[in-house]
Amino acid sequence: MLFPRLADPDTAEAVRFGDRGLNYSELATTARAVAGSLSATRGPVAVHAEPRIETAVAVIAALHAGVPAVPVNPASGPAELAHILGDSTPTGVLCAPDTALPDALTGLSRIEVSAPQDTRTLAADLPEPSTSAAALVVYTSGTTGPPKGAVLSRGALAATLDALASAWRWSGEDVVVHGLPLFHVHGLVLGVLGPLRRGGTACHLGRFSPEATATALRAWSGSRPTMLFGVPTMYRRLADSAETDTTVADALRTARLLVSGSAALPVREHDRITRLTGQRVIERYGMTETLMNTSLRVDGPHRPGTVGVPLDGVDLRIVDDEGAPITTLDGTSIGEIQVRGPNLFTGYLNRPEATAESFDGDWFRTGDMATVDGDGFVRIVGRKATDLISSGGYKIGACEIENALLEHPAVAEAAVTGQQDTDLGERIVAWVVPRDTPPAAEELIDHVSGTLAPHKRPRVVHFVDALPRNELGKVTKTALRDQHR
Ligand code: MLC
Ligand code: AMP
């Protein structure tokens, strides 16, 4: 059973978004009512994943009905939405009753998430789907083409969440506080489904800010242990705020556990948070396709700069350029991380070739480069592909942004690179050869925001006469970056 406490619900709080909360009974009843309207459909259903309580209910309802949920970024532009809808062909879209859906979603049958008027009319409980059944289809960027839909089974969700429970001593007592987006695995799987699997509470901030984080942590601190989940940009902003505002530092101090992931938290930030709050941040490493692979353990040594050791059930190895496993685990030999285990995705939706390419036998090729030391601690040193940009904890494919830029009439050629950024980790930089007179940089930035999603927008645009290319005509991005330096 994926969510035992929902099968035998009581009045303990399950989810809270600002001043709106649902206890396990209310969540079970509402999800059951919504599941009733889904059970006739077998295909996937889109979830307009706003940071609101209805998103949590919608995903639980889809899981209850055994229908794969496709969380969709509410800020996605038309091009991105058209791709996701065309690829996943949802039968409908789940949303809050007062949501104005983007045009691209209005063609789908609209299923509103609201409490049933009369609980006596609720359909009988549905049977629990098998562990291999698809639970979620989560879109993730790669180095080529548009985002691919990673199909995640119920078994993979359960395996990853239970392995984290062991590493973090995560129980139903814990309240997980966060302001993460709900269309990626960090916010949705770890931040919402995680607490519900444990029988605990998910407390979402609606929107991340250091002040909102501090208020939520303080509010729970007297009664329940809290865990804070965030990406490094959030921890950096929390540390900045804690430097000047002792209430933020004090609130962070009350948490049982601070957990960071989705991108590397620099040792400098680990140290700063420890200095300001007395807390050690637990770092964990995962991916949409693999869910969580490694973590520091609360019962193990603290090694900032590493992402800890493989989680229970996860096999991890590093391989050299020829794909041969590196067996000298000396903490200095670098290889690509490959993983296998029950936490892995089933495959990319409609992309058998891409799925096959991403595996070496039953080992998934992560594309992340790392060292492993004799104690099994993994230190990520970078990514194999430089065309994947990590900005604010989002993984963004350069190619997707280049394609969006090329759709703008004033753009003749475009290349996109990532540049170090103290706040975001990396910022997106666009290099553009204009057709004629260069347009305003803001116009191109808004064009990308509007066709894809705002977090994929370039933060800097350079207009150049030509892009450096190699003899095969491929843009040499290292030359572009050097040129900037
Ligand atoms: C600014 N904005 C614009 C704009 N310029 N909108 C449209 N067009 C323009 N030209 C708006 C944005 O829409 C947004 O509005 C606001 O300005 C700020 O935008 P931003 O700068 O992009 O956001 P920022 O504040 O920098 O966000 C930082 C952040 C965010 C850390 C809060 O990056 C974030 O939530 N990151 C989490 C990513 C994540 O969860 N990754 C997990 C992937 S799973 P508004 O009002 O709409 O906000 C994974 C696996 C694993 O990786 O291991 O976890
Ligand atoms: P995504 O596919 O969007 O889920 O992003 C997954 C990628 O985020 C991984 O392949 C890593 O490159 C990166 N990542 C996640 N967690 C960490 C971490 N703790 N340290 C460094 N990189 C991370």
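Indexing begins at 1, ligand by ligand and atom by atom, following the structure's order. Counting begins at 1 with the first residue of the sequence. This structure is a prediction, so every number in the text was calculated from the model and none was measured.
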heavy-atom search around atom 2 (O) of ligand 2 in the protein gives Lys395 NZ, 2.6 Å

Under-4.0 Å salt bridge between Arg297 and Asp312 | yes

Quick check: does Ser262 get an N/O under 3.5 Å from an N/O on ligand 2?
-> yes

Atoms of ligand 2 less than 4.0 Å from Met287 heavy atoms?
-> 4 (O), 6 (C), 9 (C), 10 (O)

Can you check whether Tyr285 has an N/O within less than 3.5 Å of an N/O in ligand 2?
-> no

Short N-O contact, Glu400 and Lys456, less than 4.0 angstrom | yes

Per-atom filter on ligand 2: closer than 4.0 angstrom to a heavy atom of Glu283 are 18 (C), 19 (N), 20 (N)

Quick one: which ligand 2 atoms are inside 4.0 Å of a heavy atom on Val307?
-> 18 (C), 19 (N), 20 (N)

Flag this pair as yes if the NZ/CZ of Arg197 is under 6.0 angstrom from the six-membered ring centre of Phe3 and inside a 45 degree cone about the axis; otherwise no.
-> no

Just wondering, more than 12 heavy atoms not from Asp299 lying within 6.0 Å of its CG?
-> yes

Top protein contact for atom 7 (C) of ligand 2, by heavy-atom distance = Gly286 O, 3.9 Å

Enumerate the atoms of ligand 2 whose separation from the nearest heavy atom of Thr140 is less than 4.0 angstrom.
-> 2 (O), 3 (O)

List ligand 1's nitrogen or oxygen atoms that come under 3.5 Å of a protein nitrogen or oxygen, with the partner atom and distance.
from	atom 1	to	atom 2	distance (Å)
ligand 1	5 (N)	Arg457	NE	3.1
ligand 1	5 (N)	Arg457	NH2	3.4
ligand 1	8 (N)	Ser449	OG	3.0
ligand 1	10 (N)	Asp446	OD1	2.8
ligand 1	21 (O)	Arg457	NH2	3.3
ligand 1	21 (O)	Arg459	NH1	3.1
ligand 1	22 (O)	Arg457	NH1	3.1
ligand 1	22 (O)	Arg459	NH2	3.1
ligand 1	25 (O)	Arg237	NH1	3.1
ligand 1	26 (O)	Arg237	NH2	3.1
ligand 1	33 (O)	Gly392	O	3.4
ligand 1	36 (N)	Gly392	O	2.8
ligand 1	41 (N)	Gly393	O	2.8
ligand 1	46 (O)	Arg207	NH1	2.9
ligand 1	46 (O)	Arg207	NH2	3.3
ligand 1	48 (O)	Arg207	NH1	3.3
ligand 1	48 (O)	Arg207	NH2	3.1
ligand 1	52 (O)	Ser262	OG	3.4
ligand 1	53 (O)	Arg284	NH1	2.8
ligand 1	53 (O)	Gly286	O	3.2
ligand 1	54 (O)	Ser262	OG	2.6
ligand 1	54 (O)	Arg284	NH1	3.4
ligand 1	54 (O)	Arg284	NH2	2.7

Closest non-hydrogen contact found for Leu316 with Val378 is CD2-CG2, 4.0 Å

Ignoring hydrogens and angles, tell me if any N or O in the side chain of Glu54 forms a donor-acceptor pair with the backbone of Val113 under 3.5 Å.
-> no

Using a 4.0 Å heavy-atom cut-off, say whether Thr288 meets ligand 2 through its side chain, its backbone, both or neither.
-> both

side-chain hydrogen bond (donor to acceptor under 3.5 Å, both in side chains) assessment of Thr99 paired with His48 = CA-CA 9 Å; Thr99 293; His48 187 63; 5.3 Å; no

Assert yes or no for the condition that the ring centre distance of Phe345 to Phe364 is strictly below 6.0 Å.
-> yes

Tell me: protein heavy atom nearest atom 19 (N) of ligand 2, and distance?
-> Arg284 O, 2.8 Å

Between Ala264 and ligand 2, which residue portion shows a heavy-atom distance shorter than 4.0 Å: side chain, backbone, both, or neither?
-> both

Assess the side chains of Glu407 and His447: does a donor N or O sit below 3.5 Å from an acceptor N or O?
-> no

Looking only at non-hydrogen atoms, the one of Ile337, Asp368, Val231, Thr290 nearest atom 10 (O) of ligand 2 is Asp368

So, are Glu426 and Arg383 salt-bridged, with charged N and O less than 4.0 Å apart?
-> yes

salt_bridge(Glu289, Lys148) N-O dist < 4.0 Å = no

Does ligand 2 have a heavy atom under 4.0 Å from the side chain of Ala263, from its backbone, from both, or from neither?
-> backbone

Tell me, yes or no, whether the heavy-atom count around Asp98 atom CG, taken from other residues, nucleotides or ligands under 6.0 Å, exceeds 12.
-> yes

